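Data block below; observations after.
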Amino acid sequence: MAERLRLGDLEVRYRIEGRPDAPWLTLCHPLACDLSLWDAQMAALTPHFQVLRYDLRGHGGSSAPPGPYSFPLLVDDLLGLLDALGIARSHFVGLSLGGMIGQYFALTAPERLGRLVLASTTSALGPEVEPLWRKRIARAREGGMATQVESFLERWFTAPYRLDHPALMASIAGLICATPVEGYAACAALIPTLDITARLGAIRAPTLVLAGELDSSTPPAMAELITLSIPGARQDVIPDAAHLCNVEQSERFNDLLLEFLEPQSH
Ligand SMILES: O=C(O)CC1=CCC(=O)O1
């Protein structure tokens, strides 16, 4: 069952599942989603870890304080949550926006981090994407989150997968529509500002970088740049997956997580 706690200006919704005696593993979701985005991982992870998943500021059941937000603020939220729950150290899996937060987390509080998985993410999209994100935010403000659904689903899943999974597409569309416009706008505005590649050499956590082979939002080349920048990082490309590779190829994604996180060694 999800719980809530207050951290300063933020009420955060989170869920803890898994083995109480096992190492902590924290899951951080993408833009316009919530903690349910990890549902397809839970059966594989909970026998081995104490899994914490939470809704980002401005998303799901967490509150949406007015923007602007910043990556350091999103990391403060995460650290506040870990502190409040008495979690000294956790592995971390972040996908897309969650992976951007993961890079900041690794640099800000290395002593709180075990192993790091950065999935479908980037260390810099480049200033040229700023007008695109500005337009998306403006459309969401004018017409609501329903205006974002079609293009998100097209970027997040391959066409054959969308056609074969209409009920799942409807449920993901529901997540997008349920995201408060303010929270979406404040988080989406951060994406074109990300420019952290030059700092990644300071990350010491063992790191796995995952990319969907067919991801047009954060293609494998962006994963490769992260992998080359973090000392000792490993990379895997997941075939037949677009941006939300943890959903579209959940079995392969879960296998790669478990292989990297080596739960039996704890
Ligand atoms: O939706 C996209 O195209 C890419 C994206 C950036 C941050 C995020 O969570 O998704």
Side-chain angles (χ1 to χ4, degrees), residues 27-38 41 53-60 62 64 67-71 73-75 77-78 92-105 117-140 145-159 161-162 169 172-173 175-181 183-197 209-223 225-226 238 241-248 253:
L27 305 176
C28 190
H29 66 74
L31 185 68
C33 292
D34 70 15
L35 53 74
S36 69
L37 203 265
W38 300 108
Q41 276 61 63
R53 43 182 176 154
Y54 71 107
D55 291 339
L56 288 169
R57 175 181 287 262
H59 285 74
S62 291
Y69 301 169
S70 66
F71 284 111
L73 176 68
L74 297 179
V75 171
D77 293 341
L78 168 62
F92 183 93
V93 179
L95 193 139
S96 197
L97 176 61
M100 300 175 193
I101 294 167
Q103 294 167 70
Y104 271 90
F105 175 42
V117 180
L118 303 171
S120 301
T121 197
T122 181
S123 53
L125 279 171
E128 59 279 10
V129 302
E130 202 271 333
L132 179 65
W133 280 99
R134 196 160 7 98
K135 238 185 259 166
R136 285 176 184 159
I137 293 167
R139 266 197 94 202
M145 289 302 291
T147 61
Q148 308 296 294
V149 167
E150 194 180 333
S151 69
F152 266 75
L153 293 182
E154 279 171 9
R155 299 197 301 277
W156 285 359
F157 300 103
T158 63
Y161 188 82
R162 290 198 306 275
M169 293 306 110
I172 303 263
L175 282 188
I176 298 168
C177 290
T179 305
V181 172
Y184 170 71
C187 283
L190 298 179
I191 290 167
T193 71
L194 181 75
D195 186 10
I196 202 173
T197 315
V209 185
L210 296 177
E213 179 193 19
L214 305 171
D215 183 359
S216 59
S217 296
T218 51
M222 290 185 181
L225 180 59
I226 296 175
I238 300 181
H243 195 56
L244 295 195
C245 56
N246 71 311
V247 176
E248 184 159 0
F253 186 91

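Note: hydrogens, waters and symmetry copies are ignored here, and every other heavy atom, side chains too, is used. Start at 1 with the first residue, then count along the sequence. Whatever order the structure lists them in is the order used to number ligands and atoms, beginning at 1. Just so you know, these numbers come straight off a predicted model, no measurement behind them.
In this structure Ser70 satisfies the side-chain contact (heavy atoms from CB on, under 4.5 Å) test together with Pro72, Leu73, sequence neighbours excluded. Residues that satisfy the side-chain contact (heavy atoms from CB on, under 4.5 Å) test with Ser217, not counting sequence neighbours, are Arg155, Asp215, His243. Annotation: side-chain contact (heavy atoms from CB on, under 4.5 Å) contacts of Glu154 (sequence neighbours excluded): Glu150, Arg162.
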- Begin with the C-alpha distance, continue with both residues' side-chain angles, and end with the deciding distance and a verdict on side chain to side chain contact (heavy atoms under 4.5 Å, CB included) for His29 and Arg53. CA-CA 8 Å; His29 66 74; Arg53 43 182 176 154; over 6 Å; no
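Relative orientation of the Phe152 and Trp156 rings is perpendicular, given thresholds of 30° and 60° on the angle between their planes.
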Mind listing the N or O contacts between ligand 1 and protein, cut-off under 3.5 Å?
residue: ligand 1; atom: 1 (O); partner: Arg155; partner atom: NE; Å: 3.4
residue: ligand 1; atom: 1 (O); partner: Arg155; partner atom: NH2; Å: 3.1
residue: ligand 1; atom: 1 (O); partner: Trp156; partner atom: NE1; Å: 3.2
residue: ligand 1; atom: 3 (O); partner: Arg155; partner atom: NE; Å: 2.5
residue: ligand 1; atom: 3 (O); partner: Arg155; partner atom: NH2; Å: 3.4
residue: ligand 1; atom: 3 (O); partner: Ser217; partner atom: OG; Å: 2.6
residue: ligand 1; atom: 9 (O); partner: Leu31; partner atom: N; Å: 2.8
residue: ligand 1; atom: 9 (O); partner: Ser96; partner atom: OG; Å: 2.6
residue: ligand 1; atom: 9 (O); partner: Leu97; partner atom: N; Å: 3.0
residue: ligand 1; atom: 10 (O); partner: Ser96; partner atom: OG; Å: 2.6
residue: ligand 1; atom: 10 (O); partner: His243; partner atom: NE2; Å: 3.4

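Using a 4.5 Å cut-off on side-chain heavy atoms (C-beta onward), Leu190 and Leu74 make contact.
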